[in-house]
Amino acid sequence: MAGTRLALELSAAAVRITGVEESHVMVVIQDSPARFAVEGGQVLPEPGEEKEWPARRGQG
């Protein structure tokens, strides 16, 4: 599975880069709709709505 491989690679990278013991690293990849995530107080854009994202955040 691609998700499992990605999680394992992210975990290994975290260990390598930070020096933290592998037993102290947790990687979770969740597939959820953009509307379930907030960044900077704004709900993330749905796929296809990314162009409007900077303007909604006052960056465009």
Side-chain angles (χ1 to χ4, degrees):
M1 282 182 112
T4 301
R5 180 176 171 203
L6 178 59
L8 288 167
E9 290 182 15
L10 286 170
S11 178
V15 169
R16 184 177 66 253
I17 292 166
T18 67
V20 172
E21 291 183 33
E22 184 177 33
S23 62
H24 294 161
V25 174
M26 175 189 245
V27 174
V28 178
I29 299 172
Q30 292 182 288
D31 185 17
S32 59
R35 68 182 180 277
F36 289 2
V38 174
E39 179 182 321
Q42 299 290 317
V43 176
L44 292 178
E46 294 293 332
E49 297 177 1
E50 296 90 347
K51 277 188 163 183
E52 292 82 18
W53 176 241
R56 285 185 13 206
R57 295 195 64 212
Q59 299 173 351

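Just so we're clear, the structure is a prediction, and the values are computed from it rather than from any experiment.
Scanning both residues, P45 and A34, for their nearest heavy atoms gives O-CB, 3.1 Å. Taking both residues in full, the closest heavy atoms of A14 and V25 are given as CB-CG1, 4.1 Å, listed atom of the first, atom of the second, then distance. Contact detail for V20 and V15: the closest heavy-atom pair is O-CG1, 3.5 Å. Taking both residues in full, the closest heavy atoms of E46 and R35 are given as OE2-N, 3.3 Å, listed atom of the first, atom of the second, then distance.
Atom NE2 of H24 is separated from atom OG of S11 by 12.5 Å, given to the nearest 0.5 angstrom.
When hydrophobic clusters are built by joining Ile, Leu, Val, Met, Phe, Trp and Tyr residues whose side-chain heavy atoms come closer than 4.5 Å, directly or via intermediates, V27 is grouped together with L6.
Side chain of E50 to backbone of G48: a donor-acceptor contact under 3.5 angstrom is found.
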